Structures are given as structure tokens and as C-alpha cells.
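Note that the structure is predicted; figures quoted are calculated from it, not measured.
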Amino acid sequence: MSIVDFLVSVNGVAQLWAADGQFLGVLSSNLYDQNSISNPHGIYGGSYGIYSIRNSYGLYGSQYGLYSPYNIYCLNPPIVLYQGQPVLIVTRNSYVLSNNLPVVDPELLLDVYTPQITNSIPTFNPHIGLSQTIFDMFK
């Protein structure tokens, strides 16, 4: 199973934790869950959330943050816990001591849980004449 497949399978269940013991949110694509890393207005998913890795000015999301996965020198990056066990390290530090845990880039992690917005507006089909109805398209 690939890391992406694993991340998809633990949507809404796995948790992100900082090395200082701070909870950083649930790995979830739910935009409305207050604990989701995808909630743009939440403390774990917002770009100004105090515990968000999306906060580029914060302790957990800036390129200089002591516990930030974006700090390429971070010695103690966040980990993903699943069923109470550490399963992934989230960091851009290519030299981090991983203790045989897989390492994932924070952007990949966030991309997996970013809901894909599709265009739901119907488009005009020039092949349907003015005298035809919408049901004629499916004949």
C-alpha cells in the first residue's frame, strides 16, 4: 500500500501530533469538522490557526518553527498516529532520524485531505438544437 493510499484509508481517523505533545488535528477532508486539518476556519486547519501546519507564521507551520514540518532543519517534526501508534513522520527535513517510519512531505499530506471542488454548473451543448429538449440528449 502506498503512503497516499494509506492516508486516504485513514481519512477522519488518524491524528497529527507535534513532538512537544500538542495535538495538531485529525487527518480529515471534512471542511466542517472543528478538529480537521482541512477546516479553513479552524485552529488545526486554518492559515491562521494557532495549531495549524498551514499557519506559515506559527510554531507548527512556519519555515522556522521549532516543531514545523516545513522547517528543513527540524529535528522533531510532527508524527501521524493511527490507532495510538506512530505511523508516519511529516517533514521536509531529508536528514531526519525516522526510526524506520515512512516520511511524508507536508504538502502531500495536505493535498490528500484537500477536498476537490468540481464545476457543477451545466455547460452549453451546441449539439442540442433549439427544438430539442434536455431529454433528447439521452436518446
Asks: Establish whether Tyr67 and Tyr57 are linked, either directly or via other cluster members, by ILVMFWY side-chain heavy-atom contacts under 4.5 Å.
Replies: no

Asks: Please collect all salt bridge (charged side-chain N to carboxylate O under 4.0 Å, His left out) contacts where either partner lies in residues 40-53, sequence neighbours excluded, each pair once.
Replies: none

Asks: Do the non-hydrogen side-chain atoms of Pro78 and Pro69 ever get within less than 4.5 Å of each other?
Replies: yes

Asks: Distance check, rounded to the nearest 0.5 Å: Ile89 atom CD1 versus Cys74 atom SG?
Replies: 10.0 Å

Asks: Can you tell me which residue pairs pass the salt bridge (charged side-chain N to carboxylate O under 4.0 Å, His left out) test with a partner in residues 13-27, sequence neighbours excluded?
Replies: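 Of all non-adjacent pairs touching residues 13-27, none passes salt bridge (charged side-chain N to carboxylate O under 4.0 Å, His left out).
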
Asks: Does Asn11 use its side chain to pair, donor to acceptor, with the backbone of Ser29 at less than 3.5 Å?
Replies: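 Yes; at least one donor-acceptor contact below 3.5 Å.
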
Asks: How long is the span from the CG atom in Asn30 to the CD1 atom in Ile37, to the nearest 0.5 Å?
Replies: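 Reported value, rounded in 0.5 Å steps: 11.5 Å.
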
Asks: Which residues satisfy the side chain to side chain donor-acceptor pair (under 3.5 Å) test with Ser2, sequence neighbours excluded?
Replies: Asp5

Asks: I need the Asp111 CG to Leu7 CG distance, nearest 0.5 Å.
Replies: 11.0 Å

Asks: How long is the span from the CG atom in Asp105 to the OG1 atom in Thr91, to the nearest 0.5 Å?
Replies: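 These two atoms lie 8.5 Å from each other.
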
Asks: With sequence neighbours excluded, tell me which residues meet side chain to side chain donor-acceptor pair (under 3.5 Å) with Glu107.
Replies: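 Expected list: Tyr70.
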
Asks: Quick check: is Leu108 connected to Met1 through a chain of hydrophobic side chains (ILVMFWY, heavy atoms under 4.5 Å apart)?
Replies: yes

Asks: Going by the rule ring pair (Phe, Tyr, Trp, His ring centres under 6.0 Å), which residues pair with Tyr51 if we only count those two or more places apart in sequence or in a different chain?
Replies: none

Asks: Does Asn76 have any side chain to side chain donor-acceptor pair (under 3.5 Å) partners at least two apart in sequence or in another chain, and if so, which?
Replies: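 Expected list: none.
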
Asks: When rounded to the nearest 0.5 angstrom, what distance separates CG in Leu110 from CZ in Arg54?
Replies: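 It comes to 4.5 Å.
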
Asks: Any side-chain heavy atom of Pro77 sitting closer than 4.5 Å to one from Val96?
Replies: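 Yes, their side chains come closer than 4.5 Å.
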
Asks: Can you confirm whether Gln22 sits close enough to Tyr60 that some side-chain heavy atom of one is under 4.5 Å from a side-chain heavy atom of the other?
Replies: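 Counting from C-beta outward, Gln22 and Tyr60 do come under 4.5 Å.
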
Asks: Hey, could you give me the CG/CG distance between Asn35 and Leu27, rounded to the nearest 0.5 Å?
Replies: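 Reported value, rounded in 0.5 Å steps: 11.5 Å.
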
Asks: Begin with the C-alpha distance, continue with both residues' side-chain angles, and end with the deciding distance and a verdict on side chain to side chain contact (heavy atoms under 4.5 Å, CB included) for Val90 and Val80.
Replies: CA-CA 7 Å; Val90 184; Val80 172; 3.8 Å; yes

Asks: Holding to side-chain contact (heavy atoms from CB on, under 4.5 Å), I want the full list of residues that pass it with Ile72, two or more places apart in sequence or in another chain.
Replies: Arg92

Asks: Treating Ile, Leu, Val, Met, Phe, Trp and Tyr as nodes and any side-chain heavy-atom pair under 4.5 angstrom as an edge, say whether Val87 and Val8 lie in one connected cluster.
Replies: yes

Asks: Any chain of hydrophobic side-chain contacts (each under 4.5 Å) joining Val13 to Leu31?
Replies: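 Per the 4.5 Å side-chain linkage, Val13 and Leu31 are not co-clustered.
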
Asks: Which residues pass the side-chain contact (heavy atoms from CB on, under 4.5 Å) test with Leu81, not counting sequence neighbours?
Replies: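 Counting only residues at least two positions away or on another chain, Leu81 forms a side-chain contact (heavy atoms from CB on, under 4.5 Å) with Trp17, Ile79, Pro86.
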
Asks: Name the atoms and distances for all side-chain donor-acceptor pairs under 3.5 Å in residues 38-46, with sequence neighbours left out.
Replies:
from  : atom 1 : to     : atom 2 : distance (Å)
Ser38 : OG     : Ser28  : O      : 2.7
Ser38 : OG     : Tyr113 : O      : 2.6
Asn39 : OD1    : His41  : N      : 2.8
Asn39 : OD1    : Gly42  : N      : 3.2
Asn39 : ND2    : Asp33  : O      : 3.2

Asks: For Phe23, does the CZ atom have more than 12 heavy-atom neighbours from other residues, nucleotides or ligands under 6.0 Å away?
Replies: yes

Asks: Does the side chain of Ile50 reach to within under 4.5 Å of the side chain of Asn55, using non-hydrogen atoms?
Replies: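 No, their side chains stay 4.5 Å or more apart.
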
Asks: Show me, pair by pair, the donor-acceptor contacts under 3.5 angstrom made by side chains of residues 97-104, not counting sequence neighbours?
Replies:
from  : atom 1 : to     : atom 2 : distance (Å)
Ser98 : OG     : Leu101 : O      : 3.4

Asks: Applying ring-ring contact (aromatic ring centres under 6.0 Å, His included), which residue pairs with at least one partner in residues 80-101 are found, sequence neighbours left out?
Replies: Phe6-Tyr82

Asks: Would you list the pairs meeting salt bridge (charged side-chain N to carboxylate O under 4.0 Å, His left out) in which at least one residue belongs to residues 6-16, sequence neighbours left out?
Replies: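 As it turns out, there is no salt bridge (charged side-chain N to carboxylate O under 4.0 Å, His left out) pair with a partner in residues 6-16 once direct neighbours are skipped.
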
Asks: Are Tyr73 and Leu66 linked, directly or through intermediate hydrophobic residues, by side-chain heavy-atom contacts shorter than 4.5 Å (ILVMFWY only)?
Replies: no

